[in-house]
Protein chains: 2
Amino acid sequence: MDQPPRPPTIDDVAKAAGVASSTVSRAFSRPGRVSFETSERIHRVAAELGYRTTSLARALPGGTTSMIALAISDITNPFYYEIIRGAQSAASEAGYTILLADTQESGTHERATLDRAVATVDGIVLATTRMSDSAIRMTAKQRPVIVLNRAVSDVPCVITDNPRGVRRAVEHLAELGHQRLTYLAGPEASWADGMRWRSLRETAMELELHVRRLGPFPPTVAGGARAAAEFAAHPTSAVVAYNDLVAIGAIRALTAMGARIPRDVSVIGFDNIFTAELVTPPLTTVAAPLAAMGRTAVGNLLAIVRGARPRAQAPVTLPCRLIVRRSTAHRRRYRTSPAWATTSVSGSADSAGRSTDAGSR
Amino acid sequence: MDQPPRPPTIDDVAKAAGVASSTVSRAFSRPGRVSFETSERIHRVAAELGYRTTSLARALPGGTTSMIALAISDITNPFYYEIIRGAQSAASEAGYTILLADTQESGTHERATLDRAVATVDGIVLATTRMSDSAIRMTAKQRPVIVLNRAVSDVPCVITDNPRGVRRAVEHLAELGHQRLTYLAGPEASWADGMRWRSLRETAMELELHVRRLGPFPPTVAGGARAAAEFAAHPTSAVVAYNDLVAIGAIRALTAMGARIPRDVSVIGFDNIFTAELVTPPLTTVAAPLAAMGRTAVGNLLAIVRGARPRAQAPVTLPCRLIVRRSTAHRRRYRTSPAWATTSVSGSADSAGRSTDAGSR
DNA sequence: CTGAAAGCGCTAACAA
DNA sequence: TTGTTAGCGCTTTCAG
């Protein structure tokens with residue numbers, strides 16, 4: 001009853017069936033090139049012995065494994081669920097298996113993980129990588145790589161149309177009468193964060209709104225709570241968060257402080273993760289075509305793996321759209337500073353001590 | 001600039017460095033058994049050539065790949081996030097990589113996926129498999145296997161203490177004065193579902209409560225909504241859902257019908273997924289130690305892979321606990337049938353037409 | 001249609 | 001410390 005009892009090899013089958021191993025091989029890979037009877041017998045014997053082809057050895061000569069790596073920064077982030085799902089289905093349709101590489105929000109860790117995986121897979125999808133551009137290019141030299149959510153020159157990328165999404169969000173806020181927005185920033189190493197902030201500034205300038213940036217914060221609910229604490233020191237009537245998680249965390253924390261969302265502050269997130277419509281109030285968010293991103297990335301990767309010339313120049317850009325739910329509303333004009341805020345915009349100084357307190361950490 | 005330019009082999013390096021390939025091999029795997037200078041030179045040359053060991057070929061002789069497969073029924077289900085995270089960290093600490101196998105809620109698909117993976121990995125964690133016990137045992141014959149969330153004889157398993165969790169849930173409901181509960185069932189092939197329902201019946205009997213079962217429903221928010229539609233035809237004051245997703249879906253649907261949760265009906269879920277505390281009202285749920293499950297499963301699997309004798313007899317049972325939040329409350333006694341229900345328990349027939357309507361789909 | 005033989009890239013065993 | 005020689009399990013010529 002020893003667990004791995006030396007699985008039978010092709011030679012075992014060959015011997016048992018009284019044929020050459022090459023015949024067995026053919027019987028499995030190229031049926032039709034083996035007489036019906038022989039094939040029959042081989043399969044029967046193989047079944048009895050419990051023989052299975054070893055994809056490892058099979059992959060050896062050509063060096064392809066029918067596996068692709070999917071590197072993601074934090075598997076706990078719901079943002080990835082649909083992406084993984086899309087990637088997974090595209091991969092399995094093409095007969096590929098996905099190797100998951102959780103890189104734990106760390107460029108270093110990511111490199112290490114990838115170094116191990118790189119040798120094993122036929123290609124790599126870097127979803128939200130935290131590595132430097134040059135590190136990415138290094139990796140891309142070794143294996144076909146597709147970068148998701150980030151534009152890196154000389155490497156094929158799949159991104160969403162952040163500028164457009166941001167624009168829609170800001171327009172929406174402007175229509176609701178908001179004049180000052182706060183951006184709750186995500187990780188510094190995040191390309192999307194930089195992109196969103198930049199677009200935000202530009203759009204705001206164009207629409208003559210005032211924006212400020214707080215952060216960086218971890219792209220999590222907890223990060224959102226921290227962001228809210230800082231935000232409360234100098235609130236604005238509207239906030240745009242790096243992603244839905246941060247938005248949700250902020251809404252919760254703000255609500256706990258006594259603010260009513262969206263009455264007191266409108267909040268917009270990014271990504272439209274599954275939880276976004278489940279929270280209260282349901283989150284207004286810039287939706288990314290998550291599953292499509294996964295599918296597209298894998299599709300393009302596989303094309304390259306199969307020999308297509310990567311068109312690294314222009315990143316593939318997928319559209320995103322604003323989903324208006326209940327976390328945004330018309331701006332209310334305060335006569336006095338909001339009761340829930342740590343300190344008012346107009347600067348009543350009596351709670352300044354608390355301000356520091358809440359803002360720290 | 002062709003993408004895969006035939007990565008350099010160990011022989012290329014050997015030639016370029018003017019040594020035997022075995023020396024190169026040693027330089028990489030057993031440093032110290034090679035003179036400092038030689039090693040130095042080899043590594044330099046290797047770096048220049050961009051050489052990397054091919055784990056594939058390396059794995060060939062012994063047949064170990066340092067990969068383990070994690071098979072899950074639906075990657076979109078948040079239930080898995082923490083499990084994957086736990087598994088991932090345990091695996092990477094031990095130098096293993098995780099191969100993800102989304103089996104799409106289908107036993108057949110699962111077998112196929114596994115068949116491919118089985119040959120490539122050193123072991124397999126079956127998280128919530130939908131395969132039959134015998135199919136699982138077959139797989140277990142080929143590779144070390146750990147089954148999560150299910151007890152299968154002769155195969156090592158890691159489960160949570162469902163009976164205890166259910167008991168706590170029912171006790172909680174009983175304390176709140178509820179006398180009739182409805183169980184919203186999950187997939188028929190789910191072991192946990194059977195377990196929960198059985199425990200529910202037993203505990204209810206003991207505590208002299210009345211239970212009934214609706215379903216099966218898909219273990220999703222949509223499934224929960226469907227369940228709610230059926231439930232509304234003959235409501236009870238409390239419901240226990242197969243999992244948090246179903247609970248959340250039911251709460252949403254019920255709320256949409258005009259019911260107030262928990263005032264009109266108390267709802268309990270299972271798993272304590274990340275979203276559970278974010279929804280409104282925050283969900284009372286039987287929490288499973290998700291990350292610990294992943295860690296434990298991988299830990300035990302790796303122990304077996306390394307030669308430990310699997311103790312297949314008694315499943316490892318992890319504790320779970322009831323987390324009381326806001327979706328449960330004291331039972332209210334209705335004088336008449338609730339306004340929101342399709343049909344009343346006492347049977348006012350005037351809305352029977354609607355009943356069918358809501359119940360279909 | 002089938003068998004023999006030559007590797008795939010690397011490691012292990014044995015010499016030198 | 002290094003080189004030489006066998007393979008690992010399978011696929012792929014190349015004969016027969």
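Numbers restart at 1 for each chain; the letters A, B, ... are given by sequence-line order, proteins then strands.
Residues passing the side-chain contact (heavy atoms from CB on, under 4.5 Å) test with Ala189(B), sequence neighbours excluded: Arg130(B). A search for side-chain contact (heavy atoms from CB on, under 4.5 Å) contacts involving Ala151(A) returns Trp191(A), Pro315(A), not counting sequence neighbours. Ala69(A) pairs by the side-chain contact (heavy atoms from CB on, under 4.5 Å) definition with Leu99(A), Ala117(A), Val121(A), Ile124(A), not counting sequence neighbours. Listed by chain and number, the residues in a side-chain contact (heavy atoms from CB on, under 4.5 Å) with Thr38(B) are Val19(B), Thr23(B), Val34(B), Ser35(B), Arg41(B), Ile42(B) (sequence neighbours excluded). With sequence neighbours left out, Asn149(B) forms a side chain to side chain donor-acceptor pair (under 3.5 Å) with Thr128(B). Scored by the side chain to side chain donor-acceptor pair (under 3.5 Å) test, Ser132(B) finds Ser134(B) as partners (sequence neighbours excluded). Under the side chain to side chain donor-acceptor pair (under 3.5 Å) criterion, Thr139(B) pairs with no residue, sequence neighbours left out.
Protein atom CG of Asp11(A) is 13 Å distant from nucleotide atom P of dG3(C), rounded to whole Å. Between the P atom of dT4(D) and the NZ atom of Lys15(B) lies a distance of 13 Å, rounded to the nearest Å. Taking atom CD1 of Ile10(A) as the reference point, atom C1' of dT2(C) lies 14 Å away to the nearest angstrom.
With distances taken from any side-chain atom of Thr9(B) to the nucleotides dC10(D), dG9(C), dG3(D), the minimum falls on dG9(C). Taking every side-chain heavy atom of Ala57(A) into account, dC10(D) is the closest of dC10(C), dC10(D), dG3(C).
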Pairs under 3.5 angstrom only: tabulate donor-acceptor contacts from the side chains of residues 85-96 of chain A to other protein residues two or more places apart or in another chain.
residue  : atom : partner   : partner atom : Å
Arg85(A) : NH1  : Asp102(B) : OD2          : 2.9
Arg85(A) : NH2  : Asp74(B)  : OD1          : 3.1
Ser89(A) : OG   : Gly86(A)  : O            : 3.2
Ser89(A) : OG   : Arg295(A) : NH1          : 2.5
Glu93(A) : OE1  : Arg295(A) : NH2          : 3.0
Glu93(A) : OE2  : Arg295(A) : NH2          : 3.4

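Contacts of residues 23-30 of chain B with DNA chain C (heavy atom under 4.0 Å): Ser25(B), Arg26(B), Arg30(B). Residues of residues 35-49 of chain A that place a heavy atom closer than 4.0 Å to DNA chain C, in numerical order, are Ser35(A), Thr38(A).
Applying the ring pair (Phe, Tyr, Trp, His ring centres under 6.0 Å) definition to pairs two or more places apart or across chains, those involving residues 11-41 of chain B are Phe28(B)-His43(B), Phe28(B)-Tyr51(B).
Ile136(B) and Leu126(B) make their closest contact through CG2-CD2, 4.1 Å (heavy atoms, listed as atom of the first residue, atom of the second, distance).
Judged by atom type and distance alone, Ser22(A) does not reach the base of dA5(C) through any side-chain donor-acceptor pair under 3.5 Å.
For the helix from dC1(C)-dG16(D) to dA16(C)-dT1(D), the end axes, each set by the C1' atoms of five terminal pairs, are bent relative to each other by 40° (nearest 10°).
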* Evaluate side-chain contact (heavy atoms from CB on, under 4.5 Å) for Arg137(B) paired with Val152(B), printing each intermediate quantity in order. => CA-CA 8 Å; Arg137(B) 276 192 219 96; Val152(B) 179; 4.2 Å; yes

